[in-house]
Amino acid sequence: MTPYIDPSRETFEAFKALPRDTPIQMLNLLLYRDQAEYPEGHEHAGKGWSGRRAYEEYGDTSGPIFARVGGSIVWRGTFETMVTGPAERHWHDGFVAHYPNAGAFFEMIKDPAYQQAVVNRTAALLDSRLMRFAPGEGGDTFG
C-alpha cells in the first residue's frame, strides 16, 4: 500500500473548497516508524527516538497552537484489530480532533511555530490518514 504523510495538492484543494465557517472533526490514523527519521542537522536527528517518541514531541510542540485556535481531542484510541478492511493494514493509534471551524485549522497550520513542530510529525510517521467530517449527533442507533 502507498504510504501517506501529507495531503496531495488535489486532496488539499478539495479540503480548502469546503466551507470554512462550520465546525469540523478530523479523524487521524497513525502508523509510527520504528525509528524516527529527522532531516540531517535537525536538533533531534541522531537521538535515536522511536516514531512514537517523535510524535509525542509533535504533540508537545503543536499542542499550545492547537489549543489557541480552539481545538480539542474528542476521542482517542489504540488500534487492536481490523474488523472490516484489509487484514494487513494496521494502525498504532487514532484520534478525532475537533476544530470550531476549518478556518481554525488553517490558522494552526500557517502558524510559524506549528510549521517547525510538524517536522516531528513527518519524522514520526510511516503512514497516516487524515479525514475531515462534519460533526453529527450521537445517539443509540447506527442510522
Side-chain angles (χ1 to χ4, degrees), residues 1-45 49-143:
M1 291 188 174
T2 302
Y4 296 89
I5 306 300
D6 296 312
S8 68
R9 178 174 295 283
E10 180 181 312
T11 60
F12 196 64
E13 290 300 322
F15 177 81
K16 288 176 14 181
L18 292 170
R20 295 188 183 197
D21 59 351
T22 59
I24 64 170
Q25 292 182 337
M26 303 288 276
L27 172 62
N28 292 255
L29 300 176
L30 309 172
L31 182 64
Y32 304 117
R33 297 177 186 278
D34 290 334
Q35 187 87 25
E37 293 186 9
Y38 281 97
E40 189 174 325
H42 188 274
E43 65 179 310
H44 300 312
W49 285 0
S50 67
R52 183 179 297 277
R53 172 62 185 92
Y55 200 85
E56 289 169 2
E57 184 71 11
Y58 167 66
D60 290 346
T61 55
S62 66
I65 303 152
F66 177 62
R68 180 177 46 76
V69 301
S72 63
I73 302 299
V74 296
W75 173 86
R76 181 186 318 269
T78 300
F79 181 84
E80 292 184 335
T81 191
M82 184 70 72
V83 178
T84 302
E88 68 277 1
R89 170 48 70 212
H90 67 278
W91 303 100
H92 288 119
D93 292 319
F95 65 91
V96 175
H98 176 85
Y99 296 87
N101 54 57
F105 179 84
F106 287 113
E107 181 181 339
M108 179 183 75
I109 65 173
K110 289 179 182 178
D111 186 290
Y114 179 85
Q115 291 173 4
Q116 289 181 341
V118 81
V119 173
N120 296 295
R121 181 185 183 278
T122 302
L125 296 176
L126 183 60
D127 197 4
S128 68
R129 299 296 183 274
L130 179 61
M131 295 166 260
R132 175 180 165 164
F133 290 87
E137 294 296 319
D140 57 3
T141 65
F142 295 121

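For reference, positions follow the sequence shown, starting with 1.
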_Test log, rule ring pair (Phe, Tyr, Trp, His ring centres under 6.0 Å), inputs F106 and Y99_ = CA-CA 10 Å; F106 287 113; Y99 296 87; 9.9 Å; no
_Partner set under salt bridge (charged side-chain N to carboxylate O under 4.0 Å, His left out) for D93, not counting sequence neighbours_ =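 Per chain and number, D93 pairs via salt bridge (charged side-chain N to carboxylate O under 4.0 Å, His left out) with R52.
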For the residue pair [X] and [Y], establish whether any side-chain heavy-atom pair is separated by less than 4.5 Å.
X	Y	value
S50	Q35	no
L126	P3	no
E10	E13	no
L130	L27	no
R76	V96	no
V69	F105	no
P135	P23	yes
I109	Q115	no

_Taking ring-ring contact (aromatic ring centres under 6.0 Å, His included) as the cut-off, I'd like each qualifying pair that reaches into residues 120-143, sequence neighbours left out, listed once._
none
For a quick test of reading the model, state the closest non-hydrogen atom pair linking [X] to [Y] and the distance between them.
X	Y	answer
R89	L31	NH1-CD2, 3.6 Å
R132	P19	NH2-O, 2.8 Å
H42	Y38	ND1-CD2, 3.4 Å
F79	M82	CZ-N, 3.4 Å
F66	S72	CZ-N, 3.2 Å

*Mind telling me whether H92 and H90 have parallel, tilted or perpendicular rings, with 30° and 60° as the class edges?*
perpendicular
*Decide yes or no on side chain to side chain contact (heavy atoms under 4.5 Å, CB included) for D111 and R68, but give the supporting numbers first.*
CA-CA 11 Å; D111 186 290; R68 180 177 46 76; 2.5 Å; yes
*Mind running side chain to side chain contact (heavy atoms under 4.5 Å, CB included) on V74 and Q25 for me, showing each step along the way?*
CA-CA 9 Å; V74 296; Q25 292 182 337; 4.1 Å; yes
*How far apart are the C-alpha atoms of T122 and E37, what are their side-chain angles, what is the distance that settles it, and do they pass the side chain to side chain contact (heavy atoms under 4.5 Å, CB included) test?*
CA-CA 8 Å; T122 302; E37 293 186 9; over 6 Å; no
Indicate every side-chain donor-acceptor pair of residues 54-64 with a distance under 3.5 Å to a residue at least two apart or in another chain.
| from | atom 1 | to | atom 2 | distance (Å) |
| --- | --- | --- | --- | --- |
| E57 | OE1 | R53 | NH1 | 3.3 |
| E57 | OE1 | R53 | NH2 | 3.4 |
| Y58 | OH | Y114 | OH | 2.7 |
| T61 | OG1 | E57 | O | 2.8 |
| T61 | OG1 | Y58 | O | 3.3 |
| S62 | OG | Y58 | O | 2.7 |

*asked:* Donor-acceptor check, side chain of N28 to backbone of M26, threshold 3.5 angstrom: yes or no?
replied: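 A pair under 3.5 Å: yes.
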*Return yes if some donor-acceptor pair links the side-chain N/O of N120 with the main-chain N/O of A117 below 3.5 Å, else return no.*
yes
*I65 side, atom CD1; Q116 side, atom CD - distance, nearest 0.5 Å*: 9.0 Å
*Between R129 and Y4, is NZ or CZ placed under 6.0 angstrom from the six-membered ring centre and within 45° of the ring axis?*
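The answer is no; the distance or angle limit is not met.
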*Considering residues, nucleotides and ligands other than E88, do more than 12 of their heavy atoms fall under 6.0 Å from its CD?*
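Yes, the 6.0 Å shell around CD holds more than 12 heavy atoms from other groups.
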*Check the pair L30 / L125 against side chain to side chain contact (heavy atoms under 4.5 Å, CB included), numbers first and verdict last.*
CA-CA 7 Å; L30 309 172; L125 296 176; 4.0 Å; yes
